[in-house]
Amino acid sequence: MKEYKYKINGNTYKVAVGDIDNNSAQVEVNGIPYKVELDAPQKPVTIVNAPRPAAAPRTESGAKVITKPAAGGSGHKVLAPLPGTVLSIAVKPGDTVSAADTVLVLEAMKMENAIHAGRDGRVASVSVNPGDAVLEGAVLITLE
C-alpha cells in the first residue's frame, strides 16, 4: 500500500491506497477502510482532418489544364493508360515511329511511365503539351 498525507481545511489525513482492480480500489483513511470505485477512463476521441485533394492546375485565364478523352476520329490513337502529368514528348507531327518507340513520358503517382506508340506509323498529331494534366483514356498522340 502506498501512503500519503493530505491536509484539507486544516485537518491532516493519512491515506493508504491499496491495489486497484477493475476500477475498484482499497483505500484506508486514518485507519478506516473504504472501497472506492473509480470512473472508467474515457478514451480520447481522435478527430482526423483528412487533407484536401490538390486542385487541378489552371491556365492564366482560370481554365483547367486537363485533357479529356476525345471522341471518334481516324487513325490509331495513343491513349493515356492512367491519369497523370505529361513530362516530355519525344515525337512531333510527321515523325515515323515503330510500335516499341517511346512517344512520351507521363508522370503518375510520382512515377515516370514511358508511353509507347503501340504500332508502326507516322505521327499525325500531338494532342498534349509538356506539363498538361491528363485523365485516363485521353488521346495523347494520333498515328496515321
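Excluded from the calculations below are hydrogen atoms, water molecules and symmetry mates; all remaining heavy atoms, backbone and side chain alike, are included.
The heavy-atom pair separating K77 from V139 by the smallest distance is CD-CG2, 3.6 Å. Annotation for A117 and V78: closest pair O-CG2, 3.5 Å, computed over non-hydrogen atoms.
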Which atom pairs, donor and acceptor, lie under 3.5 Å between side-chain atoms of residues 91-99 and protein residues at least two apart or in another chain?
{"unit_1": "K92", "atom_1": "NZ", "unit_2": "D95", "atom_2": "OD1", "d": "3.4"}
{"unit_1": "D95", "atom_1": "OD2", "unit_2": "K92", "atom_2": "N", "d": "3.0"}
{"unit_1": "S98", "atom_1": "OG", "unit_2": "D101", "atom_2": "OD1", "d": "3.0"}
{"unit_1": "S98", "atom_1": "OG", "unit_2": "D101", "atom_2": "OD2", "d": "3.4"}

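Residue V134 is grouped with residue I89 when hydrophobic side chains (ILVMFWY) are merged at heavy-atom distances under 4.5 angstrom, including chains of intermediate members. Linking Ile, Leu, Val, Met, Phe, Trp and Tyr whenever their side-chain heavy atoms come within less than 4.5 Å leaves L87 and L79 in two separate clusters.
Under a cut-off of 6.0 angstrom, the local environment of CG in D19 is sparse, with at most 12 non-hydrogen atoms contributed by other residues, nucleotides or ligands. The number of heavy atoms from other shown groups lying within 6.0 Å of CG (N30) is above 12.
In this structure, E37 CD and N22 CG are separated by 11.0 Å, a value rounded to the nearest 0.5 Å. Distance check: E3 CD to K14 NZ gives 4.5 Å after rounding to the nearest 0.5 Å. Remark: S88 OG to E107 CD distance equals 11.0 Å, nearest 0.5 Å.
Remark: R122 pairs with E144 by the salt bridge (Lys or Arg N to Asp or Glu O under 4.0 Å) rule, at least two apart or across chains. The side-chain contact (heavy atoms from CB on, under 4.5 Å) check on P81 picks up L106, I115, with sequence neighbours excluded.
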